[in-house]
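What's counted below: heavy atoms across the whole structure, side chains too, no hydrogens, waters or symmetry copies. Whatever order the structure lists ligands and atoms in, that order sets their numbers, starting from 1.
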Amino acid sequence: MRRKQAAGPRLVMAGVLLALLGLLWGSQMLKAFDYFSSWKGDGEQQMYKLDISWPKIPEYFSGQTFCVAVDSLHGLVYVGQRGDDVPKVLVFSEEGYFLDSWNDTVEKPHGIFVSNTATDSSVWITDVGSGKYGHTVKQYSPSGKLLQVLGTPGNAGSSLNPLQFDQPAELFVEESGEMYIVDGDGGMNNRLLKLSQDYKEIWLSGENGTGIGQFKIPHSVTVDPFGRVWVADRDNRRIQVFDKVTGEWLGAWSSCFSEDGPYSVRFTGNYKYLIVAHLRINRLAILAAPPVGEIGDCAIVSTIQLADETKPHLVDVDVKSGAIYIAEIGAQQVQRYVPLS
Ligand SMILES: *[C@@H]1O[C@H](CO)[C@@H](O)[C@H](O)[C@H]1NC(C)=O
Ligand SMILES: *[C@@H]1O[C@H](CO)[C@@H](O)[C@H](O)[C@H]1NC(C)=O
């Protein structure tokens, strides 16, 4: 009996030792892997690395994570997810701690955007649901109180007065309150719409097609400080650029997207690079952003290859830390990549 009792602790000790050795070996391997993966072909340089400490507890992702938005001012990260019986919006701190979740009138979030003005902060969501709250673009308080509904809830359409959407994909709101909406994600509309602070049409571009200013699934939109609107024209495998004041077409990039169309457009905080997600090839492309003026040709300066079936859908950038957050539908998680230098 006494011998048997003594064997237990000894076995546990041996187990712990083996586990420690395993960890040590594993971390050495990781270091070696890091070293080699920082060198890629064609002079391409690794610019970001995965932050494995974000989030602290991944179990909070309980559905399909479609979108993510960073509130750099308040250090918050909002995640939109879909699924039955799951909270639709999760709120994390930028350190990765889970803070809150909410649901109110959110059916199927597609795109999400944080808007900060001098006086307040709000969260905009494009909802592609087909229930009574769907086909809309909605504004919420940071804690999930519904503040504004654009579109005709429950009714898909193309009308501008009253406003209607069909699977609105994403939006960008300027500090002035003027906004740009891409509509949509495979419904009857293929358009980019600019609205005034009081939600009236300022200009509209696009219809279904491959020509200049036409779209096939305008999937993501952003605006740079030089007055240009950038649209991921997903199924035409190109990015189109417009003048934000007039809506005039300024140019397009297509040579970088032969393998897969662009799903996201987001600038880094210094506006030097554009981050583009490719869902089908599980990759992020980092493109050189042209300064004010000519769009020119696109150039990929770096890539982040994700695991198979990760399916990166939309991304956002923390303009303070430079971190990229990736909403991955396949992996059902949001990952954070931080700049290497
Ligand atoms: C949201 O909805 C889900 C499922 O319907 C529920 O489990 C959850 O408690 C709700 N509320 C919040 C705040 O997440
Ligand atoms: C757009 O046009 C293509 C053919 O050019 C057609 O297959 C598709 O259904 C159209 N989409 C819409 C929303 O009208």
Table of N or O contacts for ligand 2, cutoff 3.5 Å:
from	atom 1	to	atom 2	distance (Å)
ligand 2	2 (O)	N208	ND2	2.4
ligand 2	11 (N)	N208	ND2	2.8
ligand 2	14 (O)	N208	ND2	3.2

Between Y140 and W102, what is the ring plane arrangement, given parallel below 30°, perpendicular above 60°, and tilted in between? tilted

Contacts of Q332 that satisfy side-chain contact (heavy atoms from CB on, under 4.5 Å) - sequence neighbours left out: Q64

Sorted by first residue and then second, give each ring-ring contact (aromatic ring centres under 6.0 Å, His included) pair with at least one member in residues 145-171; sequence neighbours left out. none

Less than 4.0 Å between a side-chain N and a carboxylate O, is that true for E174 and K244? yes

Is it true that a side-chain atom of K88 and a backbone atom of E107 form a donor plus acceptor pair closer than 3.5 Å? yes

side-chain contact (heavy atoms from CB on, under 4.5 Å) partners of H219, counting only residues at least two apart: H110, D185, I217, R234, Y263, H313, L314

